[in-house]
Amino acid sequence: MIHNFNAGPSILPSSVFEEASRAVLNFNNTGLSILEIGHRTPLFEEVLNEAVSLVKELMQLDANKEVIFLHGGASTQFFQLPMNYLTKDKKAAYLDGGVWGTKAIKEAKRYGQVDVVATSKDKNYSYIPKDYAVPHESVYFHYTTNNTIEGTQMHSIPALSMPLVADMSSDILSREMDFNKFSFIYAGAQKNIGAAGVNLVIIDKKFLEKSSSSVPSMMDYKQHVSNGSMLNTPPVFAIYVCLLTLRWLKQLGGVAAIEKINNQKAAVLYDTLESFPIFQLPVPKEDRSKMNAVFTMQNEMLEKKFLDRCNEENMVGVKGHRSVGGFRVSMYNALPLSSVTSLVDLIKDFGNKYA
Ligand SMILES: *Cc1c(COP(=O)(O)O)cnc(C)c1O
């Protein structure tokens with residue numbers, strides 16, 4: 001049994017892998033592979049329509065929200081968004097909470113003025129900046145809900161008057177939230193939604209109206225919406241894997257049900273780490289991510305020993321990102337509680353031995 005703590009692409013439910021592999025050979029008993037059916041066929045239209053309606057249902061979106069699937073991953077949204085909404089005399093506000101937010105800021109600066117309202121760069125992004133002012137003339141306010149690399153997460157939605165934009169790549173569908181408060185949400189699929197190669201985008205209709213019509217068609221949100229995510233050939237297989245994962249989540253009881261499990265996983269892991277002083281948690285309690293837990297150890301020799309133990313016990317993906325070091329344990333929706341308790345047993349054993 002392998003325990004998969006990869007940060008992304010990451011674990012998906014095994015039932016999803018099974019059904020997706022069957023569909024590669026024979027999709028819904030059509031005798032055709034999901035990879036060879038035309039996208040403008042009733043067969044694929046059903047896949048896309050069901051995926052869109054499941055997103056709306058699971059996130060409890062109101063009638064003002066448009067749901068589309070786009071190419072290019074979350075990184076494409078780093079520039080597609082400002083390309084649509086900024087000009088040299090317009091300003092957007094950004095919260096700089098981590099490596100991904102920094103990348104979004106860099107791209108936005110190509111198109112307009114960027115006001116970085118706060119940053120946690122001074123401490124290697126190990127906390128969530130608080131108490132900042134956002135200029136009211138900002139076209140939008142952009143932030144990353146969960147900082148995948150640094151293991152921090154924003155646990156409340158900022159109360160601001162301008163349109164809210166969020167990169168939710170690594171915690172979408174993991175917890176209940178009033179998603180209708182956002183004008184624009186985007187998320188690469190490969191962490192909580194499905195397979196790499198597709199990006200989920202949710203746009204409020206009023207915000208959509210303000211998007212540019214002079215950008216290339218493939219960058220034009222209005223065209224993607226009016227063409228129902230079929231402006232060109234969509235990434236059909238990636239969208240199909242999203243559908244299967246969304247169905248799995250609904251069957252499990254939806255976002256509220258998965259949030260309970262996610263809370264349990266995070267609590268047992270952080271509590272255990274805190275009880276052994278050989279582990280250090282760089283993120284203060286109130287900012288800790290329930291998706292990606294980051295920790296380090298006192299010295300490199302111990303870290304190497306710990307990593308060896310993880311390898312021996314088939315725990316994969318626990319090595320920290322190179323910018324933070326130490327360890328990062330990703331606990332996305334599909335990771336079972338049993339994988340976390342297995343890791344917790346290893347941590348206790350290791351902690352007792354090297355205390
Ligand atoms: C993984 C990740 C990205 C990058 O996604 P791509 O699909 O590789 O472009 C962006 N933002 C966050 C928060 C992420 O976790």
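Starting from 1, each residue takes its place in the sequence as its number. Just follow the structure's listing: the first ligand is 1, and inside any ligand the first atom is 1.
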Peer 1: Going by the atom numbers of ligand 1, which of them fall below 4.0 Å from some non-hydrogen atom of S170?
Peer 2: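 The atoms of ligand 1 under 4.0 Å from a heavy atom of S170 are 15 (O).
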Peer 1: Heavy atom to atom 14 (C) of ligand 1, shortest distance: which of M168, K191, Q190 holds it?
Peer 2: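 It is K191 whose heavy atom sits nearest to atom 14 (C) of ligand 1.
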Peer 1: Considering distance alone, does some N or O of A74 sit under 3.5 Å from an N or O of ligand 1?
Peer 2: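 Between A74 and ligand 1 (N or O atoms, distance only) the closest approach is under 3.5 Å.
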Peer 1: Which bit of F78 is near ligand 1, meaning a heavy atom under 4.0 Å away: side chain, backbone, both or neither?
Peer 2: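 The side chain, only.
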Peer 1: Does the plane of the ring in W100 sit parallel, tilted or perpendicular to the ring in F78? Use 30° and 60° as the thresholds.
Peer 2: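 Correct class here is tilted.
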Peer 1: How are the rings of Y132 and F141 set to each other: parallel, tilted or perpendicular (split at 30° and 60°)?
Peer 2: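 The arrangement is parallel - the two ring planes meet at less than 30°.
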Peer 1: Need the ligand 1 atom indices (1-based, order shown) with element for anything under 4.0 Å from a heavy-atom of T144.
Peer 2: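 What qualifies from ligand 1 is 13 (C).
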Peer 1: For I128, does its backbone N or O pair with a side-chain atom of T152 as donor and acceptor, under 3.5 Å?
Peer 2: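 A pair under 3.5 Å: no.
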Peer 1: Got more than 12 heavy atoms from elsewhere within 6.0 Å of CD, Q251?
Peer 2: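 Counting neighbours around CD of Q251, 12 or fewer heavy atoms of other residues, nucleotides or ligands fall under 6.0 Å, so no.
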Peer 1: Classify the angle between the aromatic ring planes of Y354 and F350 as parallel (below 30°), tilted (30 to 60°) or perpendicular (above 60°).
Peer 2: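 Geometry flag for F350 against Y354: tilted rings.
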Peer 1: Which of the atoms in ligand 1, numbered in the order shown and given with their element, are less than 4.0 Å from a heavy-atom of S169?
Peer 2: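 So the answer, numbered in order with elements, is 2 (C), 10 (C), 11 (N), 12 (C), 13 (C), 14 (C), 15 (O).
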Peer 1: Any N or O on T148 sitting closer than 3.5 Å to an N or O of ligand 1?
Peer 2: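 Yes, since at least one N or O of T148 sits under 3.5 Å from an N or O of ligand 1.
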Peer 1: Are the side chain of H321 and the backbone N or O of A7 linked by a donor-acceptor pair below 3.5 Å?
Peer 2: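 Pair absent, no side-chain N/O of H321 close to backbone of A7.
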